[in-house]
Amino acid sequence: LSEMLVGREVGNPSGFITDTLSQLGMHAFAAAGAVEVALYDLWGKAEGCSVTEFFGGRKQDSVRCYGSAGMYQSAEDYAAEAASVCEAGYEAYKYRPALGPEEDIRTVELMREALGPDVGICMDAHAWWRMGDKSYGADTIEEVAKAVSGLGVTWLEEPFPVDDRSAYAAFRKKNIVPLAAGEHEHDLAGFKQIVEGGCVDFAQADVSHHGGFSGLSGILGLCEKSKISFAFHNWGTALETVADALIGSCFPRETAAWL
């Protein structure tokens, strides 16, 4: 990437990622997105404005935040951590259920008791299909989802293998709990498949993995057009959180719903 940057004038970097991929291939995608964020920052400094001005300006002054935490704990520990995270001001708590169907249900019940009625619960269920002979089948996933559907679940994230789009679409049609996915998509074409294919209620991505500001702007624009909500996956640094918040603020709350 350095050869593409040395001597480059500060200015509109919207074509930088396309140029990079044409020369270096898709393996440079994440790095190109990170550099693009820096190039937009430089351009904003040169113009004396926020980078949000390059993407239509801010449509919201704040973005709701969820606290992504819980991994590999007991039901009681998840509930205690959820309460602690949301005392810090987060409006929802995300955790990773994989204790077995009955304990996963009990965990949500305990969390709802600890949180009260107004804080969201996000279930990141990617482990359900990665546990070998203990993995959950479609019937078990539906059973758990139905059991927690009245407990204010904000979304159920990746309960099926990420490439099984038909499973996502079929589950979503049942309208049990909102469905989220997207972190494993590699380009806008993949997001078009899950959004336009009726696979998700929440699409998920972030600047560090999905093409910087311009990549996220394209994905958010797709969600806005399709009336699908978007939640930043945001598995990274504090700097990534700031960058995500900036591009998220350029879209209405109905689209850029969670950070």
*asked:* Between Thr237 and Glu240 (side chain of the first, backbone of the second, donor and acceptor by atom type, cut-off under 3.5 Å), is there such a pair?
replied: yes
*What are the two closest heavy atoms between Ile17 and Ser214, and how far apart are they?*
CD1-OG, 3.8 Å
*asked:* Hydrophobic cluster membership, with links at side-chain heavy-atom distances under 4.5 Å among I/L/V/M/F/W/Y: are Val85 and Leu110 in one?
replied: no
*Mark yes when over 12 heavy atoms from residues, nucleotides or ligands other than Phe16 sit less than 6.0 Å from its CZ; otherwise mark no.*
yes
*Could you tell me the separation between the SG atom of Cys223 and the CD1 atom of Ile228, rounded to the nearest 0.5 Å?*
7.0 Å
*Given Ile121 and Leu115, is the side-chain contact (heavy atoms from CB on, under 4.5 Å) satisfied, shown in steps?*
CA-CA 9 Å; Ile121 296 173; Leu115 292 171; 3.9 Å; yes
*Nearest heavy-atom pair of Val119 and Cys86: which atoms, and what distance?*
CG1-SG, 3.1 Å
*Trp128 and Asp104 side chains, donor-acceptor separation under 3.5 Å*: yes
*Sequence neighbours excluded, which residues qualify as side-chain hydrogen bond (donor to acceptor under 3.5 Å, both in side chains) partners of Thr140?*
none
*Taking atom types as modelled and ignoring hydrogens, do the side chains of Asp133 and Ser135 form a donor-acceptor contact shorter than 3.5 angstrom?*
no
*asked:* What's the separation between atom CG in Asn234 and atom OG1 in Thr241, rounded to the nearest 0.5 Å?
replied: 3.5 Å
*Answer yes or no: is there a donor N or O on one side and an acceptor on the other, between the side chain of Arg112 and the main chain of Gly152, under 3.5 Å?*
yes
*asked:* Is there a side-chain contact between Pro13 and Val35 in this structure, where contact means two heavy atoms from C-beta onward sitting under 4.5 Å apart?
replied: no
*Give a yes or no answer on whether the side chain of His210 reaches the backbone of Glu183 with a donor-acceptor pair at less than 3.5 Å.*
yes
_Is there a path of hydrophobic side-chain contacts, each under 4.5 Å between heavy atoms of I/L/V/M/F/W/Y residues, joining Phe55 to Val37?_
yes
*List the steps, then state whether side-chain contact (heavy atoms from CB on, under 4.5 Å) holds for Tyr95 with Met111.*
CA-CA 11 Å; Tyr95 81 110; Met111 285 195 293; 3.1 Å; yes
_Around atom CD of Gln23, are there more than 12 heavy atoms from other residues, nucleotides or ligands closer than 6.0 Å?_
yes
*Is it true that a side-chain atom of Arg64 and a backbone atom of Ala257 form a donor plus acceptor pair closer than 3.5 Å?*
yes
_Trp258 backbone acceptor or donor facing Arg253 side chain under 3.5 Å_ = no
*Separation between CD1 of Ile141 and CH2 of Trp129, rounded to the nearest 0.5 Å*: 10.5 Å
*If you group Ile, Leu, Val, Met, Phe, Trp and Tyr by side-chain heavy-atom gaps below 4.5 Å, do Val195 and Phe230 land in one group?*
yes
*asked:* Ignoring hydrogens and geometry beyond distance, is a side-chain donor-acceptor pair present between Glu81 and Tyr93 at under 3.5 Å?
replied: yes
*Do you reckon Tyr66 sits in the same ILVMFWY cluster as Leu151, going by side-chain contacts under 4.5 Å, direct or chained?*
no
_Nearest heavy atoms of Val207 and Ala243, plus distance in Å_ = CG2-CB, 3.7 Å
*Please report the shortest heavy-atom distance between Ala46 and Val10, naming the atom on each side.*
CB-CG1, 3.9 Å
*Nearest 0.5 Å please: distance from the CG atom of Asp201 over to the CG atom of Asn175.*
7.5 Å
*Heavy-atom closest contact (Leu188 atom, Leu222 atom, distance)*: CD1-CD2, 4.2 Å
*asked:* For a side-chain contact (heavy atoms from CB on, under 4.5 Å) check, start with the C-alpha distance between Val148 and Met123, then their side-chain angles and the critical distance, and finish with the verdict.
replied: CA-CA 10 Å; Val148 302; Met123 303 174 69; 4.0 Å; yes
_Between Asp124 and Met71, is the side-chain contact (heavy atoms from CB on, under 4.5 Å) condition met? List the steps._
CA-CA 10 Å; Asp124 185 347; Met71 298 180 74; over 6 Å; no
*asked:* I'd like to know whether NZ of Lys59 has more than 12 heavy-atom contacts from other residues, nucleotides or ligands below 6.0 angstrom.
replied: yes
*Output the distance between atom OG1 (Thr107) and atom OH (Tyr78), rounded to the nearest 0.5 Å.*
7.0 Å
*Mark yes or no for whether Glu36, through its side chain, and Phe213, through its backbone, hold a donor-acceptor pair below 3.5 Å.*
yes
*Find out whether Val144 and Val108 are in side-chain contact, i.e. whether some heavy atom of one side chain is under 4.5 Å from a heavy atom of the other.*
no
_From CG (Leu99) to OH (Tyr72), nearest 0.5 Å_ = 11.0 Å
*Is there side-chain contact between Ile219 and Glu185, with heavy atoms separated by less than 4.5 Å?*
no
*Check: Arg58 side chain, Ile247 main-chain N or O, donor-acceptor pair, under 3.5 Å*: no
_With heavy-atom distances below 4.5 Å as the criterion, would you say the side chains of Leu21 and Phe29 are in contact?_
yes
*So, Arg106 and Glu76, do they make that salt bridge, N to O below 4.0 Å?*
yes
*Nearest heavy-atom pair of Cys199 and Arg165: which atoms, and what distance?*
SG-O, 3.6 Å
*Would you say Phe202 and Leu220 are hydrophobically clustered, going by side-chain heavy atoms of ILVMFWY under 4.5 Å?*
no
*Going by the side chain to side chain donor-acceptor pair (under 3.5 Å) test, name the single residue among His233, Glu158, Glu157 that passes it with Gln204.*
Glu157
